Amino acid sequence: MEEEEAIRRSNALEKDDIEYLRDDILDEQYLFEGVKLTDAEEREMRYKKKIYELVKKRSEEDETQSEYRIPDAYDEEGHVNQEKRFAVSLQRYNLDSAGDKMNPFAEQEAWEEHQMGKASLKYGSKNKNQSNDYEYVFEDKIDFIRDSVIDGENLDELHSELPDKSKEKSALEMLQEERKTLPIYPYRDELLQAVNEYQVLVIVGETGSGKTTQIPQYLHEAGYTKQGKVGCTQPRRVAAMSVAARVSQEMGVKLGHEAHCTSEKTILKYMTDGMLLREILSEPNLESYSVLMVDEAHERTLSTDILFGLLKDLIKFRSDLKLLISSATLDAEKFSDYFGSAPIFKIPGRRYPVEIHYTKAPEADYIDAAIVTVLQIHVTQSPGDILVFLTGQEEIETADEILKHRTRGLGSKIAELIICPIYANLPTELQAKIFEPTPEGARKVVLATNIAETSLTIDGIKYVIDPGFSKVKSYNPRTGMESLLVHPISKASAMQRAGRSGRTGPGKCFRLYTLHNYHKDMDDNTVPEIQRTNLANVVLILKSLGIDDLVNFDFIDPPPEEALLKALELLFALSALNKLGELTKVGRRMAEFPLDPMLSKMIVASDKDKCSDEIITIAAMLSVGNSIFYRPKDKQVHADNARMNFHLGNVGDHIALLRVYNSWRECNYSTQWCYENYIQVRSMKRARDIRDQLEGLLERVEIEVTSNLNDLDAIKKAITSGFFPHSAKLQKNGSYWTVKHPQRVHIHPSSGLAQVLPRWVVYHELVLTTKEYMRQVTELKPEWLVEIAPHYYQLKDVEDPISKKMPRGAGRAKE
DNA sequence: GAGCACTGC
């Protein structure tokens, strides 16, 4: 009976299932060797082995090649470059596949060998492998070598000087007591003296030293706020807001008065770096400030880099302005050099030691390696949660599935493993799961993107698994194409990731690459954003500040000259600059909007077509990005159907976005409506915020808010006024050819027009993934191009040889 | 018929 059933089931097995099955057997044998199984468990195991043997035997008969899981392709712009991935792991992979060709059953043999090894390990050899230098976390698949320990800092204080909560104290007094326990407190007077003495100071302080909350308060206490505000910039909005809230609590004032926000009385202001940048536009000398602190400068955001250039110049004219640059250790010298050898002031952080482990040999499949490592930690290491860094949503979903599968069925034999995925596009309700405390006896494993590297901290993490990759946005100024590619992280990122394990106690970090990889294949620092992004917006801001010689602007790291020229070229085409490179009236109006120039131009142009109301909605929706539609893996069909409702009539993606927003507004910004239509509430709220802001700005540039919803052509024309450089023409084979700077592109499959293929389109952006895709596409009448941008398009550009052969409308699906 | 790290205005 059991035999027959096994044969029947083995016939139905897919390749993936076989791998799962084998993994199950291996897991089970490894994890529970020596543990007495119940009868049922033993039967189950016997049964699984039977199926596996049957499948194995059959595959031998078929003489099929055994398959090794190939590491994900590392795509480069336009092609796949395997070599560029960690060379060593590649080497190993090549060796393996060479072996494959000679022996199609290599994998099966390896499995048998493995089983043999198991038998001998049982009798004691396991322990012999362990020594102090080599810590074998598991002998099975991945060997780790303990390499170093990042020392903890300032720990005595942490234990001894906690505030005495036994005495009766007011909340404010308690907060004041707590302030004194921060690592920065003993350095207060020394720091103030240094600020007094030098105009620019580089402050090096680990997270947890209290620098962000305390330094502005110290400056206030020392009287700097009598001459002007103390401003402090953060790369992220949430950080700025939460710090402001904390500080106003400590100062015993209401948020928005003494700390943060805009009123006359504001003395401490926490803001994003982008906000300060825009403030310089209206107040070039920043007269209302006496001190500026650029926090988290090592993150090198686009705005931080621009601020550096502007502030370096500004302090020459404002000798009374104090500048503090706060950074993590690695970049401090560089900042100091840039600001004329400014002194560096070091503040210890509050961190526990972290042990760093490297793999002994490179791992070709890092997802698999990460999963194995999770299971090993779970079985062999003391309690504490695990954080795994992966590159994207898809990887996280895959890892989630495999982990669930592998732990299922183990039931009560191992402690519970709670799997929590986290990435930016995950709906908020699901994100909350990672902050729930782990129940007694269970262990939490967080599968995260880079979001966990800087943007959020999770308590209770003791183990970090770092495969060493992340997705990096890059920009090709020649083609104007953006791409999001998997790339090895920098050493600085690796340190940051490791540090995430030592926040609440001593931690361990398992790096799924070798020490050799770390030294040879990883850059010291991540390439700053300014060198891998579209600079159109930056150039417009600098131009409106009267900075004309951009090539010689004092960037701390200059962007590629080609990117600057491309940006100038675009601004000229949009009529924001004249032939002399001077800002025009249109350009001045555009600069008022905190958007990419093509979006700003679209808004400014909407005045003419009397559809500014619709256009600012579209601009807001486009700025939110591609996180409007929610498409869970198990409900893709429903989600796609819901999405197509907004595309009825093949109106194009821009109008579809407008319909989404208007429908949401009509039902009173209902959350329920979002759920029903597979729309992300969070993104919609953000779109609403941006839209409100844009509406306010319309008034400033004296554009009336007018609605022209019935004339879709007017709306499309306004879109074209901003995006005419992004036009493309259909080719016979269904691909498109961009009109200027010709290259082959395709409509992204998520577009409502992907099946429709209009002859002419205007697109929002080009992205390179598996192909060159246009994302957010709307149909266009070619004569508009000549009408709207006669300086850019001539009749010959839009003459359409196809149209002479095909009647109008051919090549399109029925509407 | 593909796939999207993060952030900001």
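Given the structure is predicted, the values throughout are model-derived calculations rather than measurements. Numbers restart at 1 for each chain; the letters A, B, ... are given by sequence-line order, proteins then strands.
Across all strands, A:Arg300 comes closer than 4.0 Å to no nucleic acid atom at all (heavy-atom distances). Using a 4.0 Å heavy-atom criterion, one finds that A:Ser470 contacts no nucleic acid atom at all. At the heavy-atom level, A:Ala754 lies nowhere under 4.0 Å from the strands shown. When heavy atoms are screened at a 4.0 angstrom cut-off, A:Gln693 is found touching the sugar-phosphate backbone but no base atom. At the heavy-atom level, A:Thr272 lies under 4.0 Å from the strands shown only through sugar-phosphate atoms. Counting any heavy atom pair closer than 4.0 Å across all strands shown, A:Val624 reaches no nucleic acid atom. Across all strands shown, A:Phe593 has no heavy atoms under 4.0 Å from either base or sugar-phosphate atoms.
Whole-Å rounding puts the A:Glu296 CD to B:dC6 P distance at 18 Å. Nucleotide B:dA2 holds its P atom 18 Å from the CD atom of A:Gln776, rounded to whole Å. Between the C1' atom of B:dC6 and the CZ atom of A:Arg682 lies a distance of 12 Å, rounded to the nearest Å. Between A:Gln496 atom CD and B:dC6 atom P the separation is 15 Å, expressed in whole Å. As a whole-Å value, the separation of A:Arg237 CZ from B:dG8 C1' is 8 Å. Rounded to a whole Å, the CG atom of A:Leu753 is 15 Å from the P atom of B:dG1. Between the C1' atom of B:dC6 and the CG atom of A:Leu484 lies a distance of 10 Å, rounded to the nearest Å. The separation between A:Met271 atom CE and B:dT7 atom C1' is 17 Å, rounded to whole Å.
With sequence neighbours excluded, the residues that form a salt bridge (Lys or Arg N to Asp or Glu O under 4.0 Å) with A:Glu592 are A:Arg700.
For A:Lys471 and B:dC4, the shortest distance from a side-chain N or O to OP1 or OP2 is below 4.0 Å. The shortest distance between the side-chain N/O atoms of A:Thr449 and the OP1/OP2 oxygens of B:dC6 is below 4.0 Å. Taking 4.0 angstrom as the limit, A:Thr770 places a side-chain polar atom (N or O) nearer than this to OP1 or OP2 of B:dG3.
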What side-chain donor-acceptor pairs closer than 3.5 Å can you find for residues 595-604 of chain A, not counting sequence neighbours?
unit_1: A:Ser600; atom_1: OG; unit_2: A:Asp596; atom_2: O; d: 3.2
unit_1: A:Lys601; atom_1: NZ; unit_2: A:Leu574; atom_2: O; d: 3.0

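Taking a cutoff of 4.0 Å between a charged side-chain nitrogen and a carboxylate oxygen, A:Glu453 and A:Arg500 do not qualify as a salt bridge. Between A:Lys685 and A:Asp689 there is no salt bridge, since none of the side-chain N atoms of the basic residue sits less than 4.0 Å from a carboxylate O of the acidic one.
Checked by distance alone, A:Asn626 brings a side-chain donor or acceptor within 3.5 Å of a matching partner on the base of B:dC4. Between the side chain of A:Arg631 and the base of B:dA2 there is at least one donor-acceptor pair of N/O atoms closer than 3.5 Å. If you check distances only, the side chain of A:Arg236 never reaches the base of B:dG8 with a donor-acceptor pair under 3.5 Å.
Judged by distance alone, the side chains of A:Tyr423 and A:Glu395 never bring a donor and an acceptor atom under 3.5 Å apart.
Which of B:dC4, B:dG3, B:dA5 sits closest to the side chain of A:Glu394 comes down to B:dG3. Among B:dG8, B:dC6, B:dA2, the nucleotide with an atom closest to any side-chain atom of A:Asp640 is B:dA2.
If A:Gln636 and A:Arg278 are placed on DNA chain B by their nearest nucleotide, the residue sitting closer to the 5' end is A:Gln636. Both A:Leu595 and A:Gly392 lie close to DNA chain B; mapped to their nearest nucleotides by heavy-atom distance, the more 5′-ward contact belongs to A:Gly392.
Heavy atoms of other residues, nucleotides or ligands lying less than 6.0 angstrom from CD of A:Glu394 number 12 at most.
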